[in-house]
Amino acid sequence: MTDAAIAIHDLCKTYQGGKRALDGVSFDVPRGSIFGLLGPNGAGKSTLINILAGLVNKTSGSAAIWGFDIDEHPRNAKASIGIVNQEILFDPFFTPIETLEIQAGLYGVPKAQRRSMELLRAVHLEDKAKAYARTLSGGMKRRLMVAKAMVHSPPVLVLDEPTAGVDIELRQQLWSYVRSLNDAGVTVVLTTHYLEEAEELCDRIAIINHGRVVANEPTRELLGKAQEKVVAVTVDRDVETPPRAICFDKVVLKGTRTLEITYSKDRVNAGEVLGAVQASGLGIVDVSTKEADLEDVFLSLTRGAASSG
Ligand code: ADP
Ligand code: MG
């Protein structure tokens with residue numbers, strides 16, 4: 001019916017007690033993509049992923065994984081997806097290799113088709129294959145969870161905040177593994193609050209806020225939406241109080257001679273901003289602009305998100 005790796009239509013979730021965590025969410029995850037699902041804390045990301053995982057029951061709406069509706073074809077839907085939950089869940093009595101073997105058993109993967117050791121190697125846990133679970137660091141456990149999600153070779157891998165608490169080096173390793181899976185054809189969905197990572201990794205990004213989709217676009221186009229621009233202007237003399245102008249949203253003095261000016265590109269252009277600096281009696285020596293990043297877009301789309309909705 002649909003070509004999407006994941007198709008979500010008008011999904012709603014109200015928890016017992018009345019909290020409406022998802023409020024009519026619809027989007028498709030294109031096959032073969034690395035898709036970022038971003039949003040501030042409490043936006044509803046984990047709720048959505050837990051519905052796909054079958055851990056949370058939706059209130060209404062529909063979701064299909066690899067063309068299989070989660071209500072009509074729950075087994076096929078489940079077989080098509082591997083999920084790494086936000087919480088680290090482990091049986092401490094099993095070694096990594098046992099953990100993978102048990103998981104493969106649960107998914108009915110025949111012994112001959114199991115590749116537990118290969119998976120451990122891929123997540124750099126080969127030498128910990130027979131270690132006690134309690135000797136694994138948080139980062140190692142996280143990587144073991146990724147391997148565990150892949151035992152049945154699903155076409156879709158979903159990672160909910162996989163790098164929370166993982167140090168930079170291991171994060172890089174995890175992402176290179178995720179990239180190699182994607183190169184091999186696996187569709188990847190991830191939530192992360194490291195916006196730089198999302199910007200670098202994801203082909204497409206959806207942003208949710210208070211249970212609603214507020215953006216869903218190719219990463220490049222989303223970045224183009226940033227309305228705030230920053231220009232650093234170096235002037236020809238020391239400045240004590242930065243000049244003010246209506247076209248500046250914000251002006252910060254960096255050192256004694258550089259003004260960092262924020263302006264909205266939908267309201268003014270760089271020429272007007274520079275004109276205002278000159279009009280204040282300062283000569284311009286140098287100008288550099290900073291490209292908008294995902295953080296700018298994210299903040300402008302989710303402003304006021306800290307309040308509960
Ligand atoms: P995110 O993963 O984006 O941080 P969550 O999906 O975890 O967001 O949470 C969305 C909202 O639903 C939050 O307000 C959260 O407090 C609430 N919520 C999450 N799980 C439950 C639950 N089991 N019962 C009641 N409310 C919940
Ligand atoms: Mg979450």
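In listed order, ligands and their atoms are each counted from 1. Each residue takes its place number in the sequence, starting with 1.
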task: State, with a plain yes or no, whether a side-chain heavy atom of D160 is found less than 4.5 Å away from one of V189.
output: no
message: Need the ligand 1 atom indices (1-based, order shown) with element for anything under 4.0 Å from a heavy-atom of A43.
response: 1 (P), 3 (O), 8 (O)
query: Are the side chains of P162 and L174 in touch, meaning some heavy atoms are under 4.5 Å apart?
result: yes
task: Taking only heavy atoms of N41 into account, list the atoms of ligand 1 that are under 4.0 Å away from them.
output: 4 (O)
- prompt: With a cut-off of 2.8 Å, does T191 place any N/O/S atom under that distance from the Mg ion (ligand 2)?
  reply: no
- prompt: To which protein heavy atom is atom 10 (C) of ligand 1 closest, and what is the distance rounded to 0.1 Å?
  reply: G42 O, 3.3 Å
- prompt: Between Y194 and R171, is there a cation-pi geometry (under 6.0 Å to ring centre, at most 45° from the normal)?
  reply: yes
Distance-only donor-acceptor check, side chains R31 and T187, under 3.5 Å: no
message: Distance under 4.0 Å to a non-hydrogen atom of T47: what atoms of ligand 1 satisfy this?
response: 5 (P), 6 (O), 9 (O), 10 (C)
- prompt: Can you list the atoms of ligand 1 that are under 4.0 Å from a heavy atom of P40?
  reply: 3 (O)
message: Regarding N85 and N50, do their side chains bring together a donor and an acceptor under 3.5 Å, going by distance alone?
response: yes
- request: Taking atom 23 (N) of ligand 1 as the reference point, report whether a protein heavy atom occurs under 4.0 Å from it.
  value: yes
message: Among all protein heavy atoms in this structure, tell me which lies nearest to atom 14 (O) of ligand 1, with the distance rounded to 0.1 Å.
response: K19 CE, 3.2 Å
field: Geometric class of the Y107/H152 ring pair [parallel <30°, tilted 30-60°, perpendicular >60°]
entry: parallel
statement: Here the vertex angle at the Mg ion (ligand 2) for OG of S46 and OE1 of Q86, given to 10°, is 80°
message: For a quick test of reading the model, state the closest non-hydrogen atom pair linking A129 to M117 and the distance between them.
response: CB-CE, 3.9 Å
message: Would you say the Mg ion (ligand 2) has T47 as a near neighbour, meaning an N/O/S atom of that residue under 2.8 Å away?
response: no
- prompt: Is there a heavy atom of G44 sitting under 4.0 angstrom from any atom of ligand 1?
  reply: yes
message: So that I know where these two stand, are F35 and F27 an aromatic pair - ring centroids less than 6.0 Å apart?
response: yes
Which residue and heavy atom of the protein sit nearest atom 19 (C) of ligand 1, plus the separation: Y15 CE1, 3.5 Å
task: State, to 0.1 Å, how close E272 and V268 come at their nearest heavy-atom pair, and which atoms those are.
output: OE2-CA, 3.6 Å
message: Which of the numbered atoms in ligand 1 are under 4.0 angstrom from any heavy atom belonging to A21?
response: 10 (C), 11 (C), 12 (O)
- request: May I ask you to list the atoms of ligand 1 that are less than 4.0 angstrom from any heavy atom of S46?
  value: 1 (P), 2 (O), 6 (O), 7 (O)
